[in-house]
Amino acid sequence: MHLTIEKYNPDWKKQFEELKQELEKLTAPVYTNIQHIGSTSVEGLSAKPVIDIMIGVNSEQDLDKIPPLLAGRQYVYYEKYNEDMPYRRFFVKLKENPSKWFFPEQINKDDEIPEKLHDHSLRLAHIHVIPTGSEHWLRHIAFRDYLRTHPVVLTEYQKLKEELGKQEWKDGNEYNDAKNDFIQDEEQKAILWYKENNSGN
């Protein structure tokens with residue numbers, strides 16, 4: 001599959017704000033901290049036009065409170081990923097209800113992911129639910145803020161994304177794996193930088 005990588009679009013920020021309002025209402029029974037992450041959150045950076053959103057919860061005990069709150073809407077819950085990433089709950093928000101394309105609302109451990117569900121043109125957002133005190137929360141926030149404040153790193157990442165955007169991929173996960181070495185290297189720097197600059201918070 002070919003992934004569409006678009007130039008930065010200021011509308012991505014507006015889309016996030018609209019999605020944030022919706023998610024705040026849906027998850028109101030649980031404490032949440034909702035953040036815009038990923039490439040669409042960094043001004044000037046090209047990205048797949050799918051908004052990455054991180055919902056912070058107080059603890060891992062709160063993770064499983066979220067799926068029932070998003071059920072019956074335009075979200076597909078990837079329960080399948082929980083075994084490999086027990087610290088996270090992952091959802092895709094589609095442009096229509098999953099039933100339009102005969103998708104399940106929940107993909108369980110032994111389920112095959114429908115081939116058409118890999119089509120990013122059907123997606124509005126990726127939702128990552130993660131405890132706010134975890135290393136995974138920190139690395140997402142640190143990397144985002146690092147890219148926003150380090151133009152040389154942003155330019156390097158932009159070039160990498162442009163190159164990868166020309167290639168064909170099995171799915172979005174394979175594309176993400178191709179960025180992994182760069183991201184992991186820069187994330188370590190970003191975390192150190194973030195801790196130094198937020199030590200008083």
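Remember, predicted model here, so these are calculated numbers, not experimental data. Numbers for residues simply follow the sequence, beginning at 1. Only this structure's heavy atoms are used, side chains among them; waters, hydrogens and symmetry mates stay out.
Counting only distance, with no hydrogens or angles, the side chain of Arg123 and the backbone of Leu117 share a donor-acceptor pair below 3.5 Å. Arg144 places a side-chain N or O within donor-acceptor distance of the main-chain N or O of His36, the cut-off being under 3.5 Å. Side-chain N or O atoms of Ser134 include one that pairs as donor or acceptor with a backbone N or O of Trp137 at under 3.5 Å. For the pair Glu186 (side chain) and Phe143 (backbone), a donor-acceptor distance under 3.5 Å is absent. Between the side chain of Lys95 and the main chain of Ser121, a donor-acceptor pair closer than 3.5 Å is present. The main-chain N or O of Tyr75 is never found under 3.5 Å from a side-chain atom of Glu105 such that the two would form a donor-acceptor pair. In this structure a side-chain-to-backbone donor-acceptor pair under 3.5 Å is missing from Gln158 to Leu45. No donor-acceptor distance shorter than 3.5 angstrom exists from the side chain of Glu60 to the backbone of Tyr87, with no hydrogens or angles considered.
Under the 6.0 Å distance and 45° angle rule, Lys93 does not count as a cation-pi partner of Phe91.
For Gln106 against Asp111, the heavy-atom pair with the smallest separation is O-OD2, 4.0 Å. The minimum heavy-atom distance linking Tyr8 with Val42 is given by the pair CD1-O, 3.4 Å. Of all non-hydrogen atoms in Val76 and Ile107, the two that sit nearest each other are CG1-CD1, 3.9 Å. Nearest heavy-atom pair, Phe90 versus Tyr77, reported as atom, atom and distance to 0.1 Å: O-CD1, 3.5 Å. Pairing each heavy atom of Ser39 with each of Ala47, the nearest pair is CB-CB, 3.5 Å. When all heavy atoms of Lys179 and Tyr157 are compared, the pair lying nearest together is NZ-OH, 3.4 Å.
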Test side chain to side chain donor-acceptor pair (under 3.5 Å) on Glu17 and Gln21 and set out the steps.
CA-CA 6 Å; Glu17 292 297 337; Gln21 288 181 15; 5.5 Å; no

Worked check of salt bridge (Lys or Arg N to Asp or Glu O under 4.0 Å) between Glu6 and Lys161:
CA-CA 10 Å; Glu6 297 184 1; Lys161 289 165 73 71; over 6 Å; no

Pair Arg88-His136, side-chain contact (heavy atoms from CB on, under 4.5 Å): steps then yes or no
CA-CA 9 Å; Arg88 183 192 74 163; His136 306 287; over 6 Å; no

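Side-chain atoms of Val152 and Glu156, non-hydrogen and from C-beta on, do get closer than 4.5 Å to each other. Between His120 and Thr4, every side-chain heavy-atom pair lies at or beyond the 4.5 Å cut-off. Put simply, the side chain of Arg89 reaches to within 4.5 Å of the side chain of Asp64, judged on heavy atoms. Counting heavy atoms from C-beta outward, Glu43 and Trp12 have side chains that stay 4.5 Å or more apart. Side-chain contact check for Lys116 versus Phe102: every heavy-atom pair is 4.5 Å or farther apart. Within the 4.5 Å cutoff, no side-chain heavy atoms of Trp101 are placed close to those of Asp119. Residues Thr40 and Phe16 fail the side-chain proximity criterion, which asks for heavy atoms closer than 4.5 Å. Contact of the Asp62 side chain with the Tyr31 side chain is not registered, since no non-hydrogen atoms from C-beta on lie closer than 4.5 Å.
Cluster membership for Val92 and Phe103, using ILVMFWY side-chain heavy atoms within less than 4.5 angstrom, is shared. Linking Ile, Leu, Val, Met, Phe, Trp and Tyr residues whenever their side-chain heavy atoms come within less than 4.5 Å leaves Ile127 and Leu122 in two separate clusters. At a threshold of 4.5 Å between side-chain heavy atoms, the hydrophobic network of Ile, Leu, Val, Met, Phe, Trp and Tyr places Tyr194 and Ile183 in one connected group. In the hydrophobic clustering of ILVMFWY residues, with side-chain heavy atoms under 4.5 Å counting as a link, Leu164 and Leu147 come out together. Linking Ile, Leu, Val, Met, Phe, Trp and Tyr whenever their side-chain heavy atoms come within less than 4.5 Å leaves Leu94 and Leu26 in two separate clusters.
With rounding to the nearest 0.5 angstrom, the CD1 atom of Ile55 is 10.5 Å from the CG atom of Leu63. The distance from atom CG of Asn197 to atom CG of Leu192, rounded to the nearest 0.5 Å, is 11.0 Å. The structure places CZ of Arg139 at 9.5 Å from CD of Gln188, a figure rounded to the nearest 0.5 Å. Note that CG of Asn58 and CG of Asn33 are 9.5 Å apart. Values are rounded to the nearest 0.5 Å. Atom-to-atom distance recorded for Leu160:CG and Ser46:OG is 11.5 Å, nearest 0.5 angstrom. Taking NZ of Lys48 as the reference point, atom CD1 of Ile5 lies at 6.0 Å (rounded to 0.5 Å).
Counted within 6.0 Å of CZ on Arg73, heavy atoms from surrounding residues, nucleotides or ligands total 12 or fewer; the atom is thus considered open.
With sequence neighbours excluded, no residue forms a side chain to side chain contact (heavy atoms under 4.5 Å, CB included) with Glu18.
Ring geometry, Trp193 versus His150: the interplanar angle exceeds 60°, so the pair is classed perpendicular (tilted spans 30 to 60°). Ring pair His140/His128 is tilted by interplanar angle, where 30° to 60° counts as tilted.
At a threshold of 4.0 Å, the pair Lys25-Glu22 does not count as salt-bridged, since none of the basic side-chain nitrogens sits closer than that to a carboxylate oxygen. Using a 4.0 Å cut-off between charged side-chain N and carboxylate O, Lys80 and Glu112 make no salt bridge.
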